[in-house]
Amino acid sequence: MKNVCVLFGGKSSEYFVSCKSAYTIINSIPKDRYRVIPVGITQKGDWYLYEGDTALIPNAAWIDSAEKHPASFLTHSQYPGLTVFRGGKVEQIEIDVVFPVLHGKNGEDGTIQGLLDMLAIPYVGCGLLSSAVCMDKSYTKLIVEKLGIRQAPYFLLLEKDPPEEKERKIAEAAKAFGFPIFAKPCKAGSSCGVSKAKSLDELKEAVELAFEHDNKVLLEKAIFGREIECAVLDNGTLIPSRVGEIRATADFYSYDAKYADATSVTDTNPDLRPGAVEEVQQAATRIFRILDCRGLSRIDFFLENETGEIVFNEINTLPGFTSISMYPMLMEEMGHPIEKLVEELIESAFQ
Ligand SMILES: Nc1ncnc2c1ncn2[C@@H]1O[C@H](COP(=O)(O)OP(=O)(O)O)[C@@H](O)[C@H]1O
Ligand SMILES: [Mg+2]
């Protein structure tokens with residue numbers, strides 16, 4: 001039996017998504033081979049070993065359960081593994097591997113990966129640098145540019161830019177791209193802080209909102225096309241999935257369209273022009289490699305209406321595992337149903 005610590009929740013705008021993803025992962029871990037050690041992280045950043053009902057995780061109700069005990073990873077050889085503080089006593093639980101089912105800040109951005117590196121505990125997914133680079137859309141763009149893969153043109157705004165510099169970039173973007181323009185925080189996810197601005201006034205508001213989420217903001221030319229995604233699994237061999245499509249009925253694929261709007265459609269077998277799937281798979285594999293990804297990633301593109309070309313949008317190193325998430329659905333289509341997939345991911349951490 002290996003002890004698998006599943007980290008969930010987290011100090012991130014995607015706390016609730018993580019709780020949902022963790023529920024799927026915990027339920028799918030084969031219990032005859034692995035012992036699950038669920039560790040919930042509150043929105044304030046407090047860690048708890050959670051021993052209550054798993055059914056309280058997806059709706060984030062675990063937080064009100066009494067069956068949880070403060071826990072932490074300590075950087076001290078006398079306290080290896082997970083240190084649990086239970087009724088005034090200190091306990092150690094040996095941890096063989098960590099599955100950080102955390103999205104966004106503090107989870108998908110290299111921070112938790114750095115802690116686990118220091119502790120020399122194997123973990124599922126991309127390493128520190130790769131996670132950090134993939135989390136920051138401006139750095140990802142610089143590297144993907146090297147591959148010659150098309151992306152939306154953009155301007156980068158920094159919080160520390162003087163106000164007149166920000167104004168200038170906003171005006172230049174409006175002139176160069178026309179409207180709509182997407183404003184998005186460089187480091188966020190689940191569309192938190194992302195807006196589609198249809199006028200200069202809206203764009204200024206959108207920039208302010210985006211700065212609430214990050215100190216770097218991208219202004220991107222809108223790409224008119226279909227939103228397609230490719231899941232990549234690295235279980236020793238790099239496996240790109242078939243291509244899935246997201247069809248949001250909202251104006252764009254916003255947070256609500258992703259998680260609250262039942263009319264958004266996730267299609268794992270869309271009808272695309274000939275050659276599109278192969279192009280996406282090839283681009284996804286090249287992007288996965290150049291960003292030094294490990295284990296898994298979901299790579300998102302647009303298929304532009306006018307040209308039929310593929311345009312890279314972003315990469316998610318810890319894609320959602322909710323009941324409506326594309327990554328597990330696409331992998332199931334590839335012959336990796338969730339139980340098998342989760343086991344392959346756990347085992348990939350030891351490679
Ligand atoms: N340049 C763009 N052109 C068209 N739509 C975009 C563009 N950038 C973002 N979007 C829309 O906004 C959504 C969220 O943006 P995305 O870059 O994927 O950020 P997140 O990391 O929050 O998912 C996308 O799924 C898409 O619907
Ligand atoms: Mg996205």
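All of these numbers come straight from a predicted model, not from anything done at the bench. Whatever order the structure lists them in is the order used to number ligands and atoms, beginning at 1. All residue numbers refer to positions in the sequence shown, counting from 1.
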Ring geometry between Phe8 and Tyr50 (parallel below 30°, tilted from 30 to 60°, perpendicular above 60°): perpendicular
For atom 24 (C) of ligand 1, closest protein heavy-atom neighbour: Glu227 OE1, 3.4 Å
Polar contact flag for Asn316 and ligand 1 (N/O pairs, less than 3.5 Å): no
Residue-ligand contact Tyr255/ligand 1, heavy atom below 4.0 Å: no
Residue and atom name of the nearest protein heavy atom (relative to atom 21 (O) of ligand 1), distance in Å to one decimal: Lys137 NZ, 2.7 Å
Minimum side-chain heavy-atom gap Cys19-Tyr23 below 4.5 Å: no
Test item, Lys196 contacting ligand 1 (heavy atom, 4.0 angstrom): no
N, O or S atom of Asp300 closer to the Mg ion (ligand 2) than 2.8 Å: no
Residue portion contacting ligand 1 (non-hydrogen atoms closer than 4.0 Å) for Ala248: neither
Criterion side-chain contact (heavy atoms from CB on, under 4.5 Å) against Val98, the qualifying member of Ile112, Asn3, Ile121, Leu115: Ile121
Test item: Lys216 side-chain N/O and Lys137 main-chain N/O as donor-acceptor pair under 3.5 Å: no
Under 4.0 Å to a heavy atom of Ala188 - the qualifying atoms of ligand 1, by number: 21 (O)
Residue Ala222 vicinity, atoms of ligand 1 by number, heavy atom under 4.0 Å: 3 (N)
Within-4.5 Å side-chain heavy-atom neighbours: Glu94 and Arg35: no
Options Phe182, Phe224, Tyr253, ranked by nearest heavy atom to atom 10 (N) of ligand 1, top entry: Phe182
Ser199 side chain to Asp201 side chain, donor-acceptor N/O pair below 3.5 angstrom: no
Protein contact to atom 20 (P) of ligand 1 [nearest heavy atom, distance to 0.1 Å]: Glu314 OE2, 3.5 Å
Under 3.5 Å: donor-acceptor pair, side chain of Ser28, backbone of Thr24: yes
Test item: Glu304 side-chain N/O and Phe224 main-chain N/O as donor-acceptor pair under 3.5 Å: no
Sidechain N-carboxylate O distance under 4.0 Å for Glu165, Arg168: yes
Part of Ser190 with heavy atoms under 4.0 Å of ligand 1, whether side chain, backbone, both or neither: backbone
pair Tyr123-Arg294: side-chain heavy atoms closer than 4.5 Å: yes
Enumerated ligand 1 atoms positioned under 4.0 Å from heavy atoms of Asn313: 16 (P), 17 (O), 18 (O)
Residue and atom name of the nearest protein heavy atom (relative to atom 12 (O) of ligand 1), distance in Å to one decimal: Phe252 CD1, 3.2 Å
Residue, atom name and distance, where the atom is the protein heavy atom closest to atom 14 (C) of ligand 1: Ser191 OG, 3.3 Å
Among the N, O or S atoms of Glu314, the one nearest the Mg ion (ligand 2): OE2
Exceeds 12 heavy-atom contacts within 6.0 angstrom, atom NZ of Lys169: yes
Ile223, any N or O under 3.5 Å of ligand 1 N or O: yes
Minimum-distance protein heavy atom relative to atom 8 (N) of ligand 1: Lys184 NZ, 2.8 Å
